[in-house]
Structures are given as C-alpha cells and as structure tokens.
Amino acid sequence: MNVSSLIEQLAALEKRYQVWVKPINQVIQECSYKVNRNSYTLADFQRDVDKIRAKQQATADLYQEMYALLDELCPAYLEATPAEREKIRAAASDKDGLLSALLGYVYKSARQIRCPADREWLRRGLAAVSIENCRKDYRDVLLALAELYVLAEAAGLNPKPDFRAIAKISSRQSPTGGSTSVANMLANFHTYGALKERRAQQTGREFADGARL
C-alpha cells in the first residue's frame, strides 16, 4: 500500500477517534477534581473512567483499529524513501490519538518478541518511535524503548544493531518533546540510564521467578 493512502487513512481514523474519545475525556475532566473530596477516591475515579471507556469500546474499539493500521504503516515506513518518511512523521505530528497509539504500539511490539525469529517486531516498535519522533514527552519514549530493548534481549536478540539502523532513518532535528533527536537517542540508547534501570527490574523478576520454581 502506498504512503499517500496510509496517510489518508490516518487522517480519517484520527477524526473518528476524536469523536470517540470525547466522552472519555469529558468524564476525566469532570471527575478528576472530585478525587479526595466528599469521600470520592482515586479508585472511584478509575472506576468511572473505566466504565465510560468500556462503553465506548463496546461501540467501536478505536485503539485496536489504530494498531491494525500501524501494522501496515510501520513496515511501510521502514521501506519508504527519506521524503516519504518525513511525510509520515509530519502527518502524525498533529494527531494526539495516533501519537498515543504509536507509544502503545511500541509496548505491543515488545510483547510480541519471544524468540530471535521475532526481530520484525523489534523493528516495528522502533519504526513507531521514529514516527512519533518525541512529539510530546521524551521520558515516555525512553520508557517504551527500554521495554522494547530489554524484552528483545530476553528473547535472545541483540537490539543494538537494529536501534542503530533505525537511527539512520530517523529525524536528526531536536523534537518538540525533548532536546535530543530521535536519531541520536536510538543510536546511543545502549548507554542510557533508563535501559540500565529496566534491565535491573528484569533481572529481579527473573530471579524471583527462578526462586519460585
């Protein structure tokens, strides 16, 4: 499928998403100020948000529709020309729903990596990061990348070459959500503290699982 067609689909899906998510955002806005007032707890808030989200998902699950489109977009991005990749990043830059879905897709990709043969999911997750381009908050991107890196390692992959390969096709401009370009971030991610912390967590989990056996 060509890039122009995918970009058109992104725009149409984002428009539907904004209508779909409006009731959820309204409940969040109306209920957030009530937390810790008149016996209204954080658990009550989460219950009310989950309720409206479930109601909306019963009519249409836009999150899954976005993930399905990203299943097409991310491989296309990896095969695209530099000009086409720039168009994709630009098309994603003003779409809040898509930007959130891109980070969610990184975690989804990480969970799909179970053995060295699943390298394609590692590359898809990296493509999603490259498209999202630290548009909002680099800290969220670091956490997603750490998850992707560590779960790839746990599956027997060496992620560094793939991180560096996708760095070469990523933006070298300072993003709106941080000061370091995504190209630089990916190329040097093996040195980041976020990765060290996530590895420590993974080691702790594996030790705990082994102790229970």
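We number each residue from 1, following the sequence as shown. Since we're looking at a predicted model, the values are computed, not measured.
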Colleague: Measuring from atom CD of Q18 to atom CD of E14, what distance do you get when rounded to the nearest 0.5 angstrom?
Modeller: 4.5 Å
Colleague: Return the minimal non-hydrogen interatomic distance between A91 and I7, and the atom names on each side.
Modeller: CB-CG2, 3.8 Å
Colleague: Measuring from atom CG of L143 to atom CG of L195, what distance do you get when rounded to the nearest 0.5 angstrom?
Modeller: 11.5 Å
Colleague: Do you know which two heavy atoms are closest between D162 and N158, and how far apart they sit?
Modeller: OD2-O, 3.9 Å
Colleague: Answer yes or no: does atom NZ of K87 have more than 12 heavy-atom neighbours from other residues, nucleotides or ligands under 6.0 Å?
Modeller: no
Colleague: So do the side chains of L145 and Y192 get within less than 4.5 Å of each other, counting heavy atoms only?
Modeller: no
Colleague: Under 4.5 Å between any side-chain heavy atoms of I28 and F45, yes or no?
Modeller: yes
Colleague: Do V27 and L42 land in one hydrophobic cluster if side-chain heavy atoms of ILVMFWY residues count as linked below 4.5 Å?
Modeller: yes
Colleague: Do Q202 and R198 meet the criterion of a side-chain donor-acceptor pair at a distance under 3.5 Å?
Modeller: yes
Colleague: D61 side chain to Q57 main-chain N or O, any donor-acceptor pair under 3.5 Å?
Modeller: no
Colleague: So, do P159 and E153 sit near enough that their side-chain heavy atoms are less than 4.5 Å apart?
Modeller: yes
Colleague: L122, Y107: one ILVMFWY side-chain cluster at the under-4.5 Å cut-off?
Modeller: no
Colleague: Checking D50 against Q46: is there a side-chain donor and acceptor pair closer than 3.5 Å?
Modeller: yes
Colleague: Compare every heavy atom of D48 with every heavy atom of Y40, then report the nearest pair and how far apart it is.
Modeller: OH-OD2, 2.6 Å
Colleague: Are Y149 and F163, when compared by the centres of their aromatic rings, separated by less than 6.0 Å?
Modeller: yes
Colleague: Backbone N or O of L69 within a donor-acceptor pair of the E72 side chain at under 3.5 Å?
Modeller: no
Colleague: A side-chain contact here means heavy atoms from C-beta on lying under 4.5 Å apart; do Q56 and V21 qualify?
Modeller: no
Colleague: Using a 3.5 Å distance criterion without hydrogens, assess whether the side chain of T191 forms a donor-acceptor pair with backbone atoms of N188.
Modeller: yes
Colleague: Side chains of L126 and L78: closer than 4.5 Å at any heavy-atom pair?
Modeller: no
Colleague: Would you mind reporting whether L98 and L70 have side-chain heavy atoms less than 4.5 Å apart?
Modeller: yes
Colleague: Grab the two heavy atoms, one from R111 and one from L151, that are nearest each other, plus how far apart they are.
Modeller: N-CD1, 4.3 Å
Colleague: Is there a donor in the side chain of T41 and an acceptor in the side chain of D44, or the other way round, less than 3.5 Å apart?
Modeller: yes
Colleague: Kindly compute the distance separating CG (L102) from OH (Y67), expressed to the nearest 0.5 Å.
Modeller: 9.5 Å
Colleague: Hey, does the side chain of R124 reach the backbone of C74 with a donor-acceptor pair shorter than 3.5 angstrom?
Modeller: no
Colleague: With side chains defined as the heavy atoms from C-beta onward, is the minimum distance between Q173 and S181 less than 4.5 Å?
Modeller: no
Colleague: Could you walk me through whether K136 and D96 pass the salt bridge (Lys or Arg N to Asp or Glu O under 4.0 Å) check?
Modeller: CA-CA 9 Å; K136 290 190 173 182; D96 288 341; 3.6 Å; yes
Colleague: State the CH2-CD distance between W20 and E65, to the nearest 0.5 angstrom.
Modeller: 9.5 Å
Colleague: Less than 4.5 Å apart, any side-chain heavy atom of Q112 and any of D118?
Modeller: no
Colleague: For the CZ atom on R47, are there more than 12 heavy atoms of other groups (residues, nucleotides or ligands in this structure) within a distance under 6.0 Å?
Modeller: yes
Colleague: For Y138 and G178, work out which heavy atoms get closest and say how close.
Modeller: CD2-CA, 4.1 Å
Colleague: Given L186 and S170, is the side chain to side chain contact (heavy atoms under 4.5 Å, CB included) satisfied, shown in steps?
Modeller: CA-CA 9 Å; L186 293 179; S170 298; 3.7 Å; yes
Colleague: Apply the side chain to side chain donor-acceptor pair (under 3.5 Å) test between Q26 and each candidate in K22, Q29, E30; give the one that qualifies.
Modeller: E30
Colleague: Would you kindly say whether Y105 and D71 are connected by a side-chain donor-acceptor distance under 3.5 Å?
Modeller: yes
Colleague: Quick check: closest heavy atoms across I24 and R53, and the distance to 0.1 Å?
Modeller: CD1-CA, 4.0 Å
Colleague: Give, for atom OG of S130 and atom NZ of K168, the distance between the pair rounded to the nearest 0.5 Å.
Modeller: 14.0 Å
Colleague: Taking atom CD of E86 as the centre, report whether more than 12 heavy atoms of other residues, nucleotides or ligands fall under 6.0 Å from it.
Modeller: yes
Colleague: Sub-3.5 Å donor-acceptor pair from the side chain of R135 to the main-chain atoms of S93, do we have one?
Modeller: yes
Colleague: Just how far is it from atom CD of E147 to atom CG of L103, taken to the nearest 0.5 Å?
Modeller: 12.5 Å
Colleague: Looking at K55, I want to see if its NZ is surrounded by more than 12 non-hydrogen atoms of other residues, nucleotides or ligands under 6.0 Å.
Modeller: no
